[in-house]
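All values derive from a computational prediction rather than experimental measurement. Just follow the structure's listing: the first ligand is 1, and inside any ligand the first atom is 1.
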Amino acid sequence: MANDASTVFDLVILGGGSGGYAAALRGAQLGLDVALIEKDKVGGTCLHRGCIPTKALLHAGEIADQARESEQFGVKATFEGIDVPAVHKYKDGVISGLYKGLQGLIASRKVTYIEGEGRLSSPTSVDVNGQRIQGRHVLLATGSVPKSLPGLEIDGNRIISSDHALVLDRVPKSAIVLGGGVIGVEFASAWKSFGSDITIIEGLKHLAPLEDENSSKLLERAFRKRGIKFNLGTFFSKAEYTADGVKVTLADGKEFEAEILLVAVGRGPVSAGLGYEEQGVAMDRGYVLVDEYMRTNVPTISAVGDLVPTLQLAHVGFAEGILVAERLAGLKTVPIDYDGVPRVTYCHPEVASVGITEAKAKEIYGADKVVALKYNLAGNGKSKILNTAGEIKLVQVKDGAVVGVHMVGDRMGEQVGEAQLIYNWEALPAEVAQLIHAHPTQNEALGEAHLALAGKPLHSHD
Ligand SMILES: Cc1cc2nc3c(=O)[nH]c(=O)nc-3n(C[C@H](O)[C@H](O)[C@H](O)COP(=O)(O)OP(=O)(O)OC[C@H]3O[C@@H](n4cnc5c(N)ncnc54)[C@H](O)[C@@H]3O)c2cc1C
């Protein structure tokens, strides 16, 4: 550790996940003297227990599906099964490569990295390993952990969270996934590809309930086709152990049994016992409250990432961390437009979106001022080659900009980059239609959808 008791850092960061380390890297780049305190591994949830491991599992699942379906493409291959230790080896190899890279970055930017469990001890200091680390400013970035429901105890064996699911030593014969949000549908998708019998329980009306209803319905259709079962619109009541698994009962008395129950009902902030309230930081149900510049009510304290009540996404954490570093370094910063954050659910098929749903647009602009257009991927050559079905739905303010792009289909997450430029640059359909999209790509489907919305459809009906 490169500091002594007299060092006063420009910025002391508590938590080295996406939000904390992004602030550290950007702050150091801008010449701030930064201390980063992490009790576990830099990279946090996303790198070690979230984005990266889940996407590795989903990719392994995709390969399993491709082996099963190879005959359709004239390729002779047989699917023999999943070698779980080998899948973990592949997944852990990806994580450790990225982890080493990140550790190298932190060291090369000359961030003072302190390993240990920290606690906010004043508005300008964090105590860790019996030492007081002083800063002109403190950034709280302690992230989140899996939540459960009242009376539902996660035992790590038959009733598990995403943390346990990522290190499970077998493919469960059957699983109930409690929660049809992003994490729930991603595990349901990967496990189904691995050969499990899956049932998702979602209390709201749809899977992926935060997405445009059209995307949810397309996902449900695709999951039904894949044999992924789901029960929508009724809430969980209780879970009990059976001789060899778990039985879940819903509020209407309906029962489901499986080998394991994955609880994917959301994540809660890590803030209890860390001194936040004692130092006067305003909180709401464990979340730290911030303004649009990520400032708490205490002038020397900011907070970012899953700890604050904004979208729980790694790239949101990055953006919020960068915003804080730039603000403290005296750069001009602008608040984040959270509707403009791209969102991808990496199940098979993928669901990707940016901007607002048709329903929200109608609420904001009035039903008669909103135009929606659906482009079916059946007309897209590359999607046909990949044998994926889905749609791109555009939501436009009448005679104005595109305010929502909602996509379903394998690999459509990769298209969210252009979609976010369209939304964030407030593009008109005719402006996007003017841009040439490469043929045959799935990206072309975005171009075609805008051609259609601009009144000059090419490979779609008028
Ligand atoms: C299964 C799963 C899949 C996901 N997939 C995606 C995805 O595909 N794309 C996406 O964008 N997001 C995804 N996410 C969400 C993403 O992981 C989070 O939004 C992101 O990690 C939040 O970053 P953070 O820095 O706020 O918190 P975290 O990443 O949780 O980091 C907080 C860090 O603080 C440390 N810490 C906590 N308390 C202390 C303390 N007292 N002292 C020292 N250190 C402390 C923790 O050890 C941790 O490393 C996924 C999450 C899960 C669980």
Side-chain angles (χ1 to χ4, degrees), residues 12-25 35-59 91 95 99 102 113-121 126-129 133 138-147 160-167 177 179 181-190 262-276 287-288 290 294 302-322 324 341-347 350-352 413 416:
V12 173
I13 302 170
L14 185 57
S18 311
Y21 84 69
L25 291 175
L36 179 62
I37 302 166
E38 168 57 53
K39 67 174 178 180
D40 187 10
K41 289 181 183 159
V42 67
T45 303
C46 173
L47 178 53
H48 302 283
R49 295 174 299 280
C51 328
I52 300 298
T54 47
K55 267 79 262 180
L57 292 189
L58 282 156
H59 183 60
K91 166 188 71 108
I95 295 170
Y99 180 42
L102 183 58
Y113 185 71
I114 303 168
E115 206 176 303
E117 184 157 5
R119 190 172 192 282
L120 188 69
S121 48
V126 172
D127 285 359
V128 56
N129 305 333
I133 310 298
V138 175
L139 175 62
L140 308 177
T142 42
S144 66
V145 285
K147 265 198 316 213
I160 63 173
S161 72
S162 61
D163 290 353
H164 307 111
L166 285 169
V167 292
V177 176
V182 178
I183 294 176
V185 300
E186 287 190 357
F187 274 104
S189 183
L262 169 65
V263 181
V265 295
R267 295 177 60 84
V270 174
S271 57
L274 296 183
Y276 300 173
Y287 288 99
V288 170
V290 288
M294 316 316 295
S302 297
V304 294
D306 285 9
L307 179 63
V308 304
T310 54
L311 282 174
Q312 290 183 331
L313 289 170
H315 44 288
V316 168
F318 296 149
E320 291 175 346
I322 290 168
V324 169
V341 173
R343 306 163 296 255
V344 182
T345 306
Y346 299 81
C347 45
E350 289 184 347
V351 179
V416 87

Considering non-hydrogen atoms of the protein only, which is the closest contact for [atom], and what is the distance?
atom	answer
atom 15 (C) of ligand 1	Q312 O, 3.7 Å
atom 21 (O) of ligand 1	C46 N, 3.3 Å
atom 11 (O) of ligand 1	A314 N, 2.8 Å
atom 34 (O) of ligand 1	G15 CA, 3.3 Å
atom 53 (C) of ligand 1	R267 NH1, 3.3 Å

Any heavy-atom pair between the side chains of [Y] and [X] that's under 4.5 Å?
X	Y	result
Y346	L57	no
L139	S302	yes
H48	D40	no

Contact partition for [X] relative to ligand 1, non-hydrogen atoms under 4.0 Å:
X	result
T142	both
T54	side chain
P146	neither

| field | side chain to side chain contact (heavy atoms under 4.5 Å, CB included) evaluation trace for F187 with L166 | value | CA-CA 9 Å; F187 274 104; L166 285 169; 3.8 Å; yes

Looking only at N/O atoms, are [X] and ligand 1 under 3.5 Å apart anywhere?
X	result
E186	no
L166	no
L14	no
L274	no
F187	no
S18	yes
V304	no
E38	yes
K39	yes
K55	yes

Between [options], flag the one that comes closest to [atom] by a heavy atom.
atom	options	result
atom 40 (C) of ligand 1	C51, G118, G305	G118
atom 52 (C) of ligand 1	A165, G17, G50	G50
atom 18 (C) of ligand 1	L47, T45, D306, I37	D306

Need the ligand 1 atom indices (1-based, order shown) with element for anything under 4.0 Å from a heavy-atom of [X].
X	answer
E117	41 (N), 42 (N)
G116	42 (N), 43 (C)
A141	32 (C), 33 (C), 34 (O)
D40	47 (O)

Applying a strict 4.0 Å limit to heavy atoms, is [X] in contact with ligand 1?
X	result
G143	yes
G321	no
R119	no
H48	no
Y346	yes

| Passing option when L307 is tested against L140, L14, V270 for side-chain contact (heavy atoms from CB on, under 4.5 Å) |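 Of L140, L14, V270, side-chain contact (heavy atoms from CB on, under 4.5 Å) with L307 is met by L140 alone.
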
| said: Going by side-chain contact (heavy atoms from CB on, under 4.5 Å), V12 matches just one of I114, V128, I37. Which one? | reply: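 So the option named by the test is I37.
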
| message | Show, in sequence, the C-alpha distance, side-chain angles and deciding distance for T45 and D306, and conclude whether the side chain to side chain contact (heavy atoms under 4.5 Å, CB included) test is met. | response | CA-CA 10 Å; T45 303; D306 285 9; 5.7 Å; no

| query | How would you list, by chain and number, every residue that makes a salt bridge (charged side-chain N to carboxylate O under 4.0 Å, His left out) with K91, sequence neighbours excluded? | reply |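 Once residues adjacent in sequence are excluded, K91 has no partner under the salt bridge (charged side-chain N to carboxylate O under 4.0 Å, His left out) criterion.
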
| Those residues that, when tested against R119, pass salt bridge (charged side-chain N to carboxylate O under 4.0 Å, His left out) (two or more places apart) |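 For R119, the residues satisfying salt bridge (charged side-chain N to carboxylate O under 4.0 Å, His left out) (neighbours in sequence not counted) are E278.
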
| field | Interatomic distance, L102 atom CG to I95 atom CD1 [nearest 0.5 angstrom] | value |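 The CG atom of L102 sits 13.0 Å away from the CD1 atom of I95.
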
